[in-house]
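This report concerns only the one structure given below.
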Amino acid sequence: MDQHRLHRAGVARLTEARQVLLGVVGRAPHARRLIEDLDRFGTDLDAALHRLPQPARGRHVSADQHFGPSRSIRHRSIMRVRFAPSPTGALHVGGARAALYNWLLARGPGEGGDGMPGTFVLRIEDTDRERSTEANVAQILDALRWLGLDWDEGPISQVANTPRHQQALAQLLADGHAYHSDATAQDVKAYKEQHGADRGFRGTPQSSGAVRLRVPGQGVTAFNDLIRGEVSFPNASMDDPVIARADGTVLYNFAVAVDDLDARITHVVRGEDHISNTPKQLLVFQALGQTPPQYAHLPLLHGPDGKKLSKRHGAASVQELRDAGYLPEAVDNYIALLGTGFAPDEEFFTLQEMAQRFRLERVSKSPAVFDEQKLRHLNGRHLRELSTEELTERLERYTGRTGLRAAVEISREKIQTLADFWPLAGFLIDGPVDDPRAFAKVIDADGGRDTLSAARDALASVQEFTVPAIEAALRTVVERTGLKPGQVFQPVRVAIAGTTISPGIFESVALLGRERTLALIDAALAK
RNA sequence: GCCCCCAUGGUCUAGUGGUUAGGACGCCUGCCUUUCACGCAGGAGAUCGCCGGUUCGAGCCCGGCUGGGGGUACCA
């Protein structure tokens with residue numbers, strides 16, 4: 001269709017196409033060749049257009065092996081996406097975001113807004129049998145559930161698909177798309193020293209050894225990344241990748257392609273660290289004679305040092321975030337924000353709202369730095385959205401304590417994470433904490449004890465021990481002494497909480513009750 | 001080294017040819033006030049990485065450069 005349009009446009013457009021080529025692919029060798037072709041064929045549109053690949057996304061071009069979005073895929077069926085973590089460790093926030101984006105895609109209004117629900121497939125990439133563990137699998141599933149990211153199919157174990165992998169491998173071996181080779185890493189290195197660093201390794205077929213995929217000597221392997229646009233790799237610079245070990249077990253780049261094919265995945269959305277794996281997988285699809293899915297590579301998440309986020313940057317796993325008292329709602333909201341905007345002037349969203357608004361093509365191309373401060377802020381907002389019942393439940397689960405409801409009620413406006421609760425309100429349940437500095441500064445200070453005992457007397461004579469009555473009594477002390485409110489309230493606070501941080505003082509006193517409050521004040525005065 | 005990707009205040013983003021470059025986090029000031037937090041009202045902070053080009057006009061288009069990142073495994 002695009003070719004026809006070009007046809008109609010005539011020769012004049014050829015010059016423009018040349019310009020586009022120059023702009024888009026720059027000085028890549030294959031672009032040079034294409035441009036030369038265009039120049040050589042001049043007005044021979046048919047010949048030139050034959051070489052001119054399908055424009056994708058309006059004006060991107062590619063050459064040779066092109067795997068762009070084809071209309072047949074786009075409109076053929078519902079979107080099938082997958083998240084495929086390898087169980088070699090806990091679920092990282094980077095992985096969590098990849099899972100989230102896939103989930104948003106599947107739960108969203110559908111590609112092109114056709115309203116069709118998508119399917120979210122969960123696959124466990126466990127072909128690295130050295131490092132994969134069952135415990136990690138369990139932990140990853142647990143983290144996904146906690147985040148509220150439910151899947152429609154799976155978890156599928158990649159190793160369970162071994163027979164199919166073997167069958168596909170045999171096929172490639174039989175039709176010459178792959179060959180055995182016992183070349184070692186040293187052999188590859190030596191090959192490059194001899195042929196040049198930008199020369200991909202090409203082995204010679206042998207009767208046994210690992211299996212390598214044949215990469216074409218010429219041309220490029222390109223694809224239209226849904227986030228980045230055209231991405232292309234010169235075939236000549238790619239090594240023939242090893243797709244199966246000498247013992248016959250398959251490797252990642254081969255297994256992924258076969259599994260994505262079998263699961264009829266339509267969109268592969270994953271981290272940018274996979275971008276250079278894509279041509280290898282594309283070549284597997286091609287060797288198998290199959291149409292590949294569309295790809296979208298997410299920018300990586302960085303730590304404050306600008307490097308790929310990892311354990312050394314602190315709370316980098318979902319479990320750690322949970323332990324730090326963050327809410328799944330906030331974690332989802334925050335990591336979704338790291339990479340795309342949902343609205344020009346608002347950032348607070350629920351999963352459902354994000355699913356409605358999420359657009360793959362709007363995802364940022366540049367890496368984002370994980371900023372815990374902002375997560376805290378968002379967490380506070382989500383926390384305040386919760387009903388007191390719900391928040392109490394979560395807090396009781398988090399602290400392992402019960403009977404927190406009343407304390408939660410008077411603390412909820414003052415905490416940003418679940419972890420903030422106990423340091424603020426724990427004294428209401430377990431009694432005052434020990435903070436000698438606060439005691440010295442507030443009670444041992446000039447007049448501290450006098451004020452405190454005046455406050456004690458006032459509280460002792462309150463008729464009904466309610467918040468308004470308590471407040472009235474203490475304010476009377478303020479008036480009578482001529483002190484500032486804080487000078488009266490702080491000693492009481494330190495007496496009952498042990499420290500200067502607590503929920504509202506009247507509320508705290510009321511919750512503790514007269515007996516306990518007076519006892520605590522007496523104890524403080526006696527200290 | 002080689003292949004690939006990226007580039008708007010400290011951080012996350014909006015902005016696709018004409019804007020005083022918008023919002024959020026953080027920071028600062030004031031209000032509220034009982035500590036903390038919330039809320040409200042203000043403020044500081046960006047030569048839109050640099051240099052060219054196209055254009056009457058460029059953060060937006062093109063090229064080069066620089067910088068950053070990813071990959072470079074018989075790991076995933």
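Here the structure is a predicted model, which is why all the values come from computation and not from measurement. Note on naming: letters A, B, ... go to the chains in the order of the sequence lines (proteins, then strands), and numbering restarts at 1 for each one.
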Looking at A/Glu346 and B/G23, is any side-chain donor or acceptor paired with a base atom of the opposite kind under 3.5 Å? no
Assign each of A/Pro344 and A/Ser237 the nucleotide of RNA chain B bearing its closest heavy atom; nearer the 5' end lies the nucleotide of A/Ser237
Per nearest nucleotide of RNA chain B, the residue lying toward the 5' end, A/Glu347 or A/Leu424, is A/Glu347
Within the structure shown, what part of the strands sits under 4.0 Å from [X] by heavy-atom distance: base, sugar-phosphate, or nothing?
{"X": "A/Gly200", "value": "nothing"}
{"X": "A/Ser502", "value": "base"}
{"X": "A/Gly341", "value": "sugar-phosphate"}
{"X": "A/Gln490", "value": "sugar-phosphate"}
{"X": "A/Thr127", "value": "sugar-phosphate"}
{"X": "A/Tyr334", "value": "nothing"}
{"X": "A/Thr88", "value": "nothing"}
{"X": "A/Arg362", "value": "sugar-phosphate"}
{"X": "A/Pro279", "value": "nothing"}

Tell me the interatomic distance from [X], atom [atom1], to [N], atom [atom2], rounded to whole angstroms.
{"X": "A/Phe489", "N": "B/U34", "atom1": "CZ", "atom2": "C1'", "value": "6 Å"}
{"X": "A/Leu474", "N": "B/U34", "atom1": "CG", "atom2": "P", "value": "12 Å"}
{"X": "A/Lys365", "N": "B/C6", "atom1": "NZ", "atom2": "C1'", "value": "9 Å"}
{"X": "A/Leu298", "N": "B/C6", "atom1": "CG", "atom2": "P", "value": "14 Å"}
{"X": "A/Ile496", "N": "B/U34", "atom1": "CD1", "atom2": "C1'", "value": "11 Å"}
{"X": "A/Leu378", "N": "B/A24", "atom1": "CG", "atom2": "C1'", "value": "9 Å"}
{"X": "A/Asn333", "N": "B/C25", "atom1": "CG", "atom2": "P", "value": "12 Å"}
{"X": "A/Glu372", "N": "B/G10", "atom1": "CD", "atom2": "C1'", "value": "17 Å"}

Between [X] and [Y], do the side chains contain an N or O donor and an N or O acceptor separated by less than 3.5 Å?
{"X": "A/Gln158", "Y": "A/Asp126", "result": "no"}
{"X": "A/Asp273", "Y": "A/His297", "result": "no"}
{"X": "A/Asp240", "Y": "A/Tyr179", "result": "yes"}
{"X": "A/Asp182", "Y": "A/Gln206", "result": "yes"}
{"X": "A/Thr278", "Y": "A/Arg270", "result": "yes"}
{"X": "A/Asn379", "Y": "A/Thr417", "result": "no"}

Could you tell me how far [M] sits from [N] if I compare only their [atom1] atoms? Round to whole Å.
{"N": "B/G22", "M": "B/U16", "atom1": "P", "result": "14 Å"}
{"N": "B/U47", "M": "B/A21", "atom1": "C1'", "result": "13 Å"}
{"N": "B/C61", "M": "B/A73", "atom1": "P", "result": "35 Å"}
{"N": "B/C36", "M": "B/A76", "atom1": "C1'", "result": "46 Å"}
{"N": "B/G64", "M": "B/C25", "atom1": "C1'", "result": "36 Å"}
{"N": "B/C27", "M": "B/G9", "atom1": "C1'", "result": "12 Å"}
{"N": "B/A7", "M": "B/U13", "atom1": "P", "result": "11 Å"}
{"N": "B/C62", "M": "B/G67", "atom1": "P", "result": "23 Å"}

Ring centroid separation A/Tyr326 to A/His382 under 6.0 Å:
no
TODO: Tell me whether the centres of the aromatic rings in A/Phe83 and A/Tyr101 are closer together than 6.0 Å.
DONE: no
Exercise. With respect to the phosphate group of B/C4, does any side-chain polar atom (N or O) of A/Arg228 fall under 4.0 Å of OP1 or OP2?
Worked result: no
With the side chain of [X] defined as its heavy atoms from C-beta on, choose the nearest nucleotide among [options].
{"X": "A/Ser366", "options": "B/C12, B/U35, B/A7", "result": "B/A7"}
{"X": "A/Ser86", "options": "B/C3, B/A76, B/A14", "result": "B/A76"}
{"X": "A/Val369", "options": "B/C2, B/U11, B/A76", "result": "B/U11"}

Going by purine N1 to pyrimidine N3 plus the second Watson-Crick contact, or the G-U wobble pair, all under 3.5 Å, which nucleotide sits opposite [N]?
{"N": "B/A7", "result": "B/U66"}
{"N": "B/C2", "result": "B/G71"}
{"N": "B/G39", "result": "B/C31"}
{"N": "B/C61", "result": "B/G53"}
{"N": "B/A44", "result": "none"}

Below 3.5 Å between N/O atoms, which protein atoms pair up with nucleotides 29-32 of chain B? Just atom names and distances, please.
none

query: Does A/Thr184 offer a backbone N or O that forms a donor-acceptor pair with the side chain of A/Asp187 under 3.5 Å?
result: yes
ask   = Does any N or O in the side chain of A/Glu346 come within less than 3.5 Å of the main-chain N or O of A/Ala343, such that one atom is a donor and the other an acceptor?
value = no
B/S/- along nucleotides 67-74 of chain B (protein heavy atoms under 4.0 Å) is --SSS--B
Per-nucleotide protein contact along nucleotides 37-46 of chain B, 5' to 3', at a 4.0 Å heavy-atom cut-off (B base, S sugar-phosphate only, - neither), is BS--------
Side chain to side chain, [X] and [Y], heavy atoms closer than 4.5 Å:
{"X": "A/Leu383", "Y": "A/Leu418", "answer": "yes"}
{"X": "A/Leu251", "Y": "A/Val211", "answer": "no"}
{"X": "A/Thr499", "Y": "A/Arg493", "answer": "no"}

Requested in this report: Evaluate the ring planes of A/Phe233 and A/Phe223, with Trp represented by its six-membered ring, and classify them as parallel (under 30°), tilted (30 to 60°) or perpendicular (over 60°).
Outcome: parallel
### Message
Under 6.0 Å from the ring centre and within 45 degrees of the ring axis: does the NZ or CZ of A/Arg357 meet both conditions for the six-membered ring of A/Phe342?
### Response
no
